[in-house]
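Everything on this sheet refers to the single structure shown next.
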There are 2 protein chains.
Amino acid sequence: MRIEDVARLAGVSPITVSRTINKSDQVVEETRRAVQKAIDRLGYIPNRLAGSLASTRTRVIGLVISTLYSNIFAITVRGMTDTLLTAGYQLSLGVSNDLLEVESAHVRSFLGQRVDGVCLVGGIHDRLVRRALLQSGVPVVEINNLVSDPIDMCVGYSNEEASFAMVRHLANCGYRRIGLVTAPTENNDRSQARRAGYRRALAQLGLPFADSLIGTAPYTVAQGARAFASILSLNPDLDALFLTQDNAAAGAILEAKRRGVRVPGDIGIAGFDDADIGQEMVPALTTVRTHHYEMGATAARMLLRRIDGGAPPHPVVDVGFEIIPRGSTRPPPA
Amino acid sequence: MRIEDVARLAGVSPITVSRTINKSDQVVEETRRAVQKAIDRLGYIPNRLAGSLASTRTRVIGLVISTLYSNIFAITVRGMTDTLLTAGYQLSLGVSNDLLEVESAHVRSFLGQRVDGVCLVGGIHDRLVRRALLQSGVPVVEINNLVSDPIDMCVGYSNEEASFAMVRHLANCGYRRIGLVTAPTENNDRSQARRAGYRRALAQLGLPFADSLIGTAPYTVAQGARAFASILSLNPDLDALFLTQDNAAAGAILEAKRRGVRVPGDIGIAGFDDADIGQEMVPALTTVRTHHYEMGATAARMLLRRIDGGAPPHPVVDVGFEIIPRGSTRPPPA
DNA sequence: AGGCAATGTGGTAGCGCTAGCATCGAGTCA
DNA sequence: TGACTCGATGCTAGCGCTACCACATTGCCT
């Protein structure tokens with residue numbers, strides 16, 4: 001079924017049908033209704049492959065997130081879709097599972113589909129992907145970190161500063177022997193920055209460091225529990241653990257309970273992202289709040305601005321972060 | 001940049017470039033290498049809009065999931081992508097947030113993109129979407145439930161039987177006053193089936209029912225905690241609560257702890273899906289295990305089979321479920 | 001009345017690719 | 001040697017739509 005079939009039934013030319021669908025304000029009400037009736041009668045669905053090929057615009061934005069196992073991206077995705085939908089754009093979603101080559105494949109696929117914009121997490125990408133994005137000229141925005149050398153634009157927060165601030169907060173609460181758990185650092189600049197902020201804080205505060213204080217856990221509760229157990233066994237004098245992902249931090253709280261370790265008395269636990277699970281834990285989780293909805297919405301707006309060809313948005317936007325003290329760490333001295 | 005530019009640089013015709021990309025076994029090794037070199041030199045990325053328009057195949061499967069807030073779909077998505085990638089297909093992902101009109105929009109968009117297959121969650125869909133899918137002739141598979149009247153094919157498990165089995169298990173453990181929390185039932189046949197199984201079990205076992213025993217909570221820990229609090233306040237004699245989503249059930253365990261209610265002594269708690277958080281809770285969560293990876297992989301295989309035009313797969317596949325008793329419910333009598 | 005803008009609609013061409021057949025050259029066999 | 005096969009490559013047409021310009025109609029001004 002083609003646009004021509006609709007045109008014939010409605011008694012107009014194909015181009016009028018096209019306008020009714022895409023630019024209905026250019027068609028007089030009566031014509032519009034006749035065409036719409038024909039479309040409904042036939043159950044016609046326009047072929048976007050053909051439409052986009054002819055118009056060289058797809059009204060699709062490609063987003064590659066790193067995982068579906070944590071729900072933090074759910075909020076970012078809502079921020080993006082809420083903004084995009086009102087502008088008549090849609091989101092196409094890819095999941096990389098933190099593998100560079102999977103991200104590459106998604107981006108190449110997006111470029112092959114001729115998406116109008118691309119959104120990626122973090123600043124580390126395959127060299128060829130970077131080149132392909134630059135060469136294609138599509139607007140690109142990197143999120144979840146402040147990227148030093150963005151491909152195009154960037155909106156996020158400083159993971160380094162956030163991590164630094166949390167460690168300083170823990171120290172301020174009286175914790176001295178502070179461990180850190182992040183997602184794997186390979187090809188993950190957010191994890192790298194969080195480790196760097198941690199190291200910088202320890203050095204500046206004169207707190208002890210040892211390799212055994214650092215552990216790795218991806219996105220799940222179970223992995224956080226295991227990381228906690230392992231660091232504690234290597235560091236019997238551990239008195240605080242900062243897990244830079246709330247699910248993992250929740251796992252640590254649960255593991256502590258299982259072992260009869262009191263939180264925050266024996267050991268303080270802190271997380272990152274202010275996921276909903278943190279508030280429900282017993283004790284509630286001290287965490288870093290980041291602004292994912294705003295970040296997603298801003299990323300979408302920046303892409304749209306670039307697409308519309310108006311004034312280029314400021315290329316780097318910092319949405320900030322806040323330390324949220326809760327029951328899983330001791331209160332700071334008054 | 002077009003296929004012609006690559007062809008010129010490689011000294012062959014455009015069609016040979018096309019074959020190098022899509023059917024490389026039809027091109028002799030020497031030619032193939034020359035073309036590949038030209039592609040790499042230019043950073044050429046084929047325009048899939050044009051390719052798919054000409055070939056009437058996109059090698060894309062559209063999937064609409066209902067939420068990103070629970071990570072249960074992460075596993076299904078992995079099952080699908082693992083299977084699809086090896087066949088050279090990709091997944092395009094939409095999130096409906098359980099809204100029928102959003103699902104509709106995604107499906108219409110998929111059909112507009114001329115995807116080669118569609119996968120939807122559950123069996124309740126917009127009437128026009130059903131019609132559009134049937135009319136388009138694309139293979140469709142519905143997952144996460146055993147759908148009585150599938151659009152095309154279906155792979156899942158019986159939510160009604162699973163819910164029935166869990167309530168019977170709870171009764172067998174000595175619980176009598178059993179409450180239920182599901183996601184909203186509107187347009188959600190999984191929730192409806194879980195309520196039906198619960199009602200059938202209560203009736204068959206001669207256990208008491210009251211409207212106040214039933215609550216609603218979507219996918220988060222916080223919502224589960226609130227639902228638990230509310231049902232408990234309405235039913236002081238409650239002795240077990242079955243929350244048909246593990247995050248929510250985890251929230252109930254945490255809320256019980258906050259209130260000093262002992263689990264499983266005072267109240268038994270059961271969940272659904274066997275998410276990783278359940279095993280880590282203290283006490284660990286009794287749950288219904290379903291087979292999401294297998295379900296996703298099977299759904300993908302069924303679609304591919306239909307696309308290849310071979311023998312049509314059996315239209316309904318039951319991947320089953322198991323009751324997993326853990327510490328959040330009393331052990332059954334020996 | 002003639003000119004002119006504003007508005008709505010139509011015709012033509014082409015977006016970049018691949019299906020389907022045509023062609024060409026080299027090897028094979030009687 | 002000639003007929004034939006087979007594998008590699010090329011040519012033509014067209015996938016379904018929209019950009020671009022042309023054109024018709026209307027209402028308004030001078």
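In what follows, chains are A, B, ... by sequence order, proteins preceding strands, each numbered from 1. This is a predicted model, so every value here is computed, not measured. Atom set for the values below is all heavy atoms of this structure, side chains included, hydrogens, waters and symmetry mates excluded.
Here the nucleotide nearest the side chain of A:Ala54, chosen from D:dG16, C:dA19, D:dA8, is D:dG16. The side chain of A:Thr16 has C:dG10 as its nearest neighbour among C:dG10, D:dA19, D:dC11. Distances from the side chain of A:Tyr44 to the nucleotides D:dG10, D:dC17, C:dC15 place D:dC17 closest. Here C:dG16 is the nucleotide among C:dA19, D:dC17, C:dG16 with the atom lying nearest to any side-chain atom of B:Asn47. Minimum atom distance to the side chain of B:Leu53 is reached by C:dG16, of the listed C:dG16, C:dT18, C:dG11. In this structure, of C:dC17, D:dC15, D:dG10, it is C:dC17 that holds the atom nearest to the side chain of B:Arg2.
For A:Ile15 and D:dT18, the CD1 to C1' distance is 5 Å, given to the nearest whole Å. Going from atom CD1 of A:Ile21 over to atom P of D:dC17 covers 8 Å, rounded to whole Å. Distance A:Arg19 CZ to D:dC20 P: 12 Å, rounded to the nearest Å. The CD atom of B:Gln26 sits 12 Å away from the P atom of C:dT18 (whole-angstrom rounding). Look at CD1 on B:Ile45: it is 15 Å from P on C:dG16, rounded to the nearest Å. What separates CZ of B:Arg8 from P of D:dT9 is a distance of 19 Å, to the nearest Å. Going from atom CD of A:Gln113 over to atom P of C:dC17 covers 15 Å, rounded to whole Å. Between the P atom of C:dT18 and the CZ atom of B:Arg59 lies a distance of 12 Å, rounded to the nearest Å.
Contact annotation: A:Ser18 reaches the phosphate of D:dT18 (side-chain N/O to OP1 or OP2, under 4.0 Å). For B:Thr31, a side-chain nitrogen or oxygen approaches OP1 or OP2 of D:dT9 to under 4.0 Å. The side chain of B:Ser55 contributes no N or O atom lying less than 4.0 Å from OP1 or OP2 of C:dT18. Contact annotation: B:Asn22 side-chain N/O to C:dT18 OP1/OP2 distance is under 4.0 Å. For C:dC17, the OP1/OP2 oxygens have no side-chain nitrogen or oxygen of B:Ser52 closer than 4.0 Å. The shortest distance between the side-chain N/O atoms of A:Lys23 and the OP1/OP2 oxygens of D:dA19 is below 4.0 Å.
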When you look at A:Val155 and A:Val319, which way does the side chain to side chain contact (heavy atoms under 4.5 Å, CB included) test go after all the steps? CA-CA 7 Å; A:Val155 46; A:Val319 294; 3.8 Å; yes
Apply side chain to side chain contact (heavy atoms under 4.5 Å, CB included) to B:Phe110 and B:Ile61, showing your working. CA-CA 8 Å; B:Phe110 285 153; B:Ile61 301 296; over 6 Å; no
When you look at A:Asn188 and A:Gln192, which way does the side chain to side chain contact (heavy atoms under 4.5 Å, CB included) test go after all the steps? CA-CA 6 Å; A:Asn188 184 326; A:Gln192 289 169 11; 5.7 Å; no
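A 6.0 Å sphere centred on CZ of A:Arg131 holds more than 12 heavy atoms belonging to other residues, nucleotides or ligands. Residue A:Glu30 places its CD atom among 12 or fewer non-hydrogen atoms of other residues, nucleotides or ligands, all under 6.0 Å distant.
Heavy atoms of B:Ile3 sit under 4.0 angstrom from primed sugar atoms or phosphate atoms, though from no base atom. When heavy atoms are screened at a 4.0 angstrom cut-off, B:Pro46 is found touching the sugar-phosphate backbone but no base atom.
Judged by distance alone, with hydrogens and angles left aside, the side-chain atoms of A:Arg59 form a donor-acceptor pair with the main-chain N or O of A:Ala87 at under 3.5 Å.
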